[in-house]
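Heads up: numbering here begins at 1 and tracks the sequence. As a basis for the values below, the full set of heavy atoms in this structure was taken, side chains included, without hydrogen atoms, waters or symmetry mates.
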Amino acid sequence: MRKRKNLAKLYLLVITLPKGKHEVIGDLLEKYDVTAYLNTLARGSTEKIFTKEMMFCVIKEERLKEAMLAIQDKYSKFHKKISMVYSVPLENIIGVSSYMALSNGGIK
């Protein structure tokens with residue numbers, strides 16, 4: 001009989017950044033066991049055309065709060081640039097094999 005593994009809960013961390021700041025946040029997130037991230041450019045929907053960067057990261061639940069607080073602290077140094085961060089649980093969104101790969105085997 002196979003043993004059941006205690007899977008770590010994963011979250012998708014969505015981060016909006018000023019253009020050119022993804023490396024700063026990417027370096028910061030290395031400390032919080034982010035297993036994958038994607039960086040892309042995004043456009044705003046206001047009259048002024050402005051460009052932001054979006055980061056989509058996969059992170060374990062136990063590191064989520066710490067990472068969000070560290071990002072918030074880093075945002076304070078961006079000098080009045082609009083930025084935000086939020087998370088979405090990945091439960092029931094992805095398959096088991098993808099979940100295991102993104103959570104480094106799934107064990108807490």
Side-chain angles (χ1 to χ4, degrees):
M1 188 159 131
R2 283 185 1 191
K3 289 185 179 180
R4 237 175 153 192
K5 292 184 178 181
N6 189 10
L7 295 178
K9 289 187 180 182
L10 296 179
Y11 282 77
L12 178 66
L13 192 61
V14 182
I15 307 166
T16 305
L17 301 162
K19 190 174 178 183
K21 299 293 185 183
H22 74 275
E23 290 179 4
V24 173
I25 298 298
D27 290 343
L28 175 71
L29 289 174
E30 285 181 13
K31 300 174 189 174
Y32 298 99
D33 300 330
V34 169
T35 56
Y37 82 82
L38 169 72
N39 180 57
T40 186
L41 289 175
R43 283 217 160 134
S45 60
T46 64
E47 289 179 16
K48 276 186 165 182
I49 293 181
F50 64 93
T51 306
K52 294 282 190 185
E53 287 190 70
M54 297 286 297
M55 286 181 75
F56 301 91
C57 313
V58 178
I59 189 168
K60 292 180 182 178
E61 181 181 42
E62 65 254 13
R63 304 303 306 265
L64 181 63
K65 186 175 181 180
E66 293 173 74
M68 289 179 84
L69 289 173
I71 292 168
Q72 180 183 356
D73 183 50
K74 194 59 86 171
Y75 277 172
S76 66
K77 298 174 183 159
F78 288 164
H79 305 293
K80 299 181 184 176
K81 303 285 185 175
I82 298 171
S83 303
M84 67 181 197
V85 60
Y86 59 92
S87 63
V88 179
L90 288 180
E91 297 172 330
N92 303 324
I93 296 175
I94 60 176
V96 173
S97 59
S98 298
Y99 198 94
M100 295 297 281
L102 289 171
S103 65
N104 291 332
I107 301 172
K108 280 189 178 183

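- Counting heavy atoms of neighbouring residues, nucleotides and ligands inside a 6.0 Å radius, atom CD of Gln72 does not exceed 12 of them.
- When the side chains of ILVMFWY residues are joined at heavy-atom separations under 4.5 Å, either directly or via intervening members, Leu69 and Tyr32 end up in two distinct hydrophobic clusters.
- Going from atom CD of Glu23 over to atom CG of Leu17 covers 11.5 Å, rounded to the nearest 0.5 Å.
- Inter-residue side-chain proximity for Tyr86 and Leu12 is flagged as unmet; no heavy-atom pair is nearer than 4.5 Å.
- Rounding to the nearest 0.5 Å places CD of Glu61 at 9.5 Å from CG of Leu10.
- Remark: Asp33 engages Arg63 in a salt bridge, criterion side-chain N to carboxylate O under 4.0 Å.
- If you take CD1 on Ile71 and SG on Cys57, they are separated by 6.5 Å, rounding to the nearest 0.5 Å.
- No donor-acceptor pair under 3.5 Å is formed between the side chain of Glu53 and the backbone N or O of Asn39.
- Between the Tyr11 side chain and the Lys60 main chain, no donor and acceptor come within less than 3.5 Å of each other.
- For the side chain to side chain contact (heavy atoms under 4.5 Å, CB included) test with Met55, the passing option among Val14, Leu13, Leu29, Leu38 is Leu29; the others fail.
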Q | Test side-chain contact (heavy atoms from CB on, under 4.5 Å) applied to Thr40 and Phe56, step by step | A | CA-CA 9 Å; Thr40 186; Phe56 301 91; 4.0 Å; yes
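- For the atom pair Asp27 CG and Lys74 NZ, the distance stands at 9.0 Å (nearest 0.5 Å).
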